[in-house]
Novice: 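Next up is a structure, given as structure tokens.
All values derive from a computational prediction rather than experimental measurement. All chains are named by letter (A, B, ...) in the order of the sequence lines, taking the proteins before the strands, and each is independently numbered beginning at 1.
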There are 2 protein chains.
Amino acid sequence: MYVQFTGAGYCDVLDRSGSAGGLAQSGALDVLVAFERIGTRRSYARNDEIFAEGDRPDCWFKVVSGAVRVCKLMADGRRHIAEFHFAGDCFGFDSLPERLFSAEAVGDAVIMRFPRRATERLIDESPKLARYLREMTLRDLANAQMHMMMLGRMSAPERVATFLLDLADRRDASCALDLPMSRADIADYLGLTIETVCRVLSSFKRDGIIDIPNAHRIELRNRAALAEIGEG
Amino acid sequence: MYVQFTGAGYCDVLDRSGSAGGLAQSGALDVLVAFERIGTRRSYARNDEIFAEGDRPDCWFKVVSGAVRVCKLMADGRRHIAEFHFAGDCFGFDSLPERLFSAEAVGDAVIMRFPRRATERLIDESPKLARYLREMTLRDLANAQMHMMMLGRMSAPERVATFLLDLADRRDASCALDLPMSRADIADYLGLTIETVCRVLSSFKRDGIIDIPNAHRIELRNRAALAEIGEG
DNA sequence: CGCCAGTTTGACCAAGATCAACGCAAGTGG
DNA sequence: CCACTTGCGTTGATCTTGGTCAAACTGGCG
């Protein structure tokens, strides 16, 4: 029911053709290649901070490998994870004078970093690129709105089922999911507690809907049942 | 703690100067004036649908007067309100092939409607306008993420307090708020039930934090207390 | 082997949902 | 002008979901 977790990232147009944006066949390709030139690559260890709340957003990022969580802490320690990003996803494209969220590596990760100023110059030179970027952001916004509905109106089993299906859609995986994130990450993403996430997963397993060979691997045994739970 | 509810709308640059975007002093102004030419005005009665889920998004809108809710229904009737829009706000700028949300007039409202195709042509001609639009969308996204945190991690009193403060910030109103929307609308926006919203408002009133001369008017008597509750 | 972090499970609790009255003001029709 | 209806809003009693607290389990890893 989600459209998609979050935009696949502008850079991916390099690998696609004939998609809605129709960028590849329009000369914007050179510009996209230019992106790769202005970026620098860096490795992060598990839980390393990529940027912090309050930082000046003078660059944006693309996940090369690994996974990233974008999150925010409340004064009393409650945490909320706004989105996860996987290989190929771009994130951290922000316009406010300071970051409202921080970003951290879920496990070991490799990330490309692009300076914002140079990027905006490139975008200004290409209306098509600008449009593509705009569409990506609007897609992210639509996803955020679907996520809001989940947090505001769905039960715990509905949230977990939706989460598993979305994750499966997003990463090719037909039925064997490997979850790079901890139960705490999942809980903070779904607006639940660790214990509730565990319990729901266990009950899905009892019902034969999924299998959990180990904590970070989940196999979808009955997608239809999951989908039904996810709908309410 | 919200930055702002949702973008003030690109058209407002006509009335501002020296803001971050710095559009007014750059020649993009003519382009903005052009927006007004391609728009058509229409009145809606209370609860009228402005666009429906599944519609093709071939135009976007600006609220002239009144208020609009952007919402979505689940199969079993549960409703979620993603955002409210007031005079001056733009909404309905969407990129997917069909609308995921519907928009309805909260009370009687007057709305400008702009064709999408012509708009995109204008945007393509002005990188500055494109950038401004991008920033507006990114601001909306940031707001959506703050709202997610509220839905996922805040208690009922925290949500209501935050809602009241945001509304007060957004509409000049120093302390006398008039709520155009019903309790049901508020509940569906905050991810609560009507009864809980009522109870929380009543308890705020008992504590002297607010006054409720009538159901659609709320006076903030103690902003600091509200802010404290909102923080957690 | 034993420690440690993360996960799972159970017992209990509380915030908020649900269900049910009741209140109240704005129509509506006689 | 006054019953009567209707749509919201408010309040109370009760129930359920998911949170909290605590203990047991598991799989690395020194």
Novice: Find the bend of the helix from C/dC1-D/dG30 to C/dG30-D/dC1 as the angle between its two terminal axes (five pairs each), to the nearest 10°.
Specialist: 20°
Novice: Shoot me the first and last contacting nucleotide of DNA chain C against chain B, ordered 5' to 3', at under 4.0 angstrom to non-hydrogen atoms.
Specialist: C/dG16 to C/dC19
Novice: By side-chain contact (heavy atoms from CB on, under 4.5 Å), which residues pair with A/R42, not counting sequence neighbours?
Specialist: A/Y44
Novice: Does OP1 or OP2 of D/dT17 have a side-chain N or O of A/S155 closer than 4.0 Å?
Specialist: no
Novice: With the criterion being N/O to N/O and under 3.5 Å, what pairs connect the protein with nucleotides 6-8 of chain D, and how long is each?
Specialist:
unit_1: D/dC8; atom_1: OP1; unit_2: B/R46; atom_2: NH2; d: 2.7

Novice: Angle class for the A/H80/A/F101 ring planes (parallel below 30°, perpendicular above 60°, tilted otherwise)?
Specialist: perpendicular
Novice: For B/I212 and D/dG9, what is the distance between atoms CD1 and P respectively, to the nearest whole Å?
Specialist: 12 Å
Novice: Does B/V110 have any side-chain contact (heavy atoms from CB on, under 4.5 Å) partners at least two apart in sequence or in another chain, and if so, which?
Specialist: B/R41, B/S43, B/V64, B/S65
Novice: Tell me every residue that passes salt bridge (Lys or Arg N to Asp or Glu O under 4.0 Å) with B/R78, counting only those two or more places apart in sequence or in another chain.
Specialist: A/E158, B/D76
Novice: Taking salt bridge (Lys or Arg N to Asp or Glu O under 4.0 Å) as the definition, give me every residue that meets it alongside B/E98, ordered by chain and number, with sequence neighbours left out.
Specialist: none
Novice: Are the aromatic rings of B/F61 and B/F93 close, with centres under 6.0 Å apart?
Specialist: no
Novice: Please encode protein proximity along nucleotides 20-30 of chain D as a string of B, S and -, counting only heavy-atom distances under 4.0 Å.
Specialist: BB---------
Novice: Using a strict threshold of under 4.0 Å (side-chain N to carboxylate O), is an ion pair present between A/K62 and A/D89?
Specialist: no
Novice: Would you indicate what A/L192 reaches in the nucleic acid, counting non-hydrogen atoms under 4.0 angstrom: base, sugar-phosphate, or nothing?
Specialist: sugar-phosphate
Novice: Suppose we screen for side-chain contact (heavy atoms from CB on, under 4.5 Å). Which residues come up paired with A/A215, at least two apart in sequence or across chains?
Specialist: A/R183
Novice: Rounded off to whole Å, could you give me the CG-to-C1' distance for the A/L151 and D/dG18 pair?
Specialist: 15 Å
Novice: Taking the side chain as every heavy atom from C-beta outward, state whether A/M136 and A/R139 have any pair of such atoms under 4.5 Å apart.
Specialist: yes
Novice: In whole angstrom, give the distance that lies between atom NZ of B/K205 and atom C1' of D/dG9.
Specialist: 12 Å
Novice: Mind checking whether A/F84 and A/Y189 have parallel, tilted or perpendicular rings, split at 30° and 60°?
Specialist: tilted
Novice: Mind listing the side-chain donor-acceptor pairs of residues 200-213 of chain A below 3.5 Å, one per line with the distance, residues two or more places apart or on another chain?
Specialist:
unit_1: A/S202; atom_1: OG; unit_2: A/C198; atom_2: O; d: 3.0
unit_1: A/S203; atom_1: OG; unit_2: A/V200; atom_2: O; d: 3.0

Novice: Of B/I194 and A/G191, whose closest DNA chain D nucleotide lies nearer the 5' terminus?
Specialist: B/I194
Novice: Kindly state each residue pair satisfying salt bridge (Lys or Arg N to Asp or Glu O under 4.0 Å) with at least one member in residues 185-196 of chain A, sequence neighbours excluded.
Specialist: A/R69-A/D185, A/R79-A/D185, A/R79-A/D188, A/D188-B/R153
Novice: Can you sort out the partners of B/E53 under salt bridge (Lys or Arg N to Asp or Glu O under 4.0 Å), two or more places apart, ordered by chain and number?
Specialist: B/K72
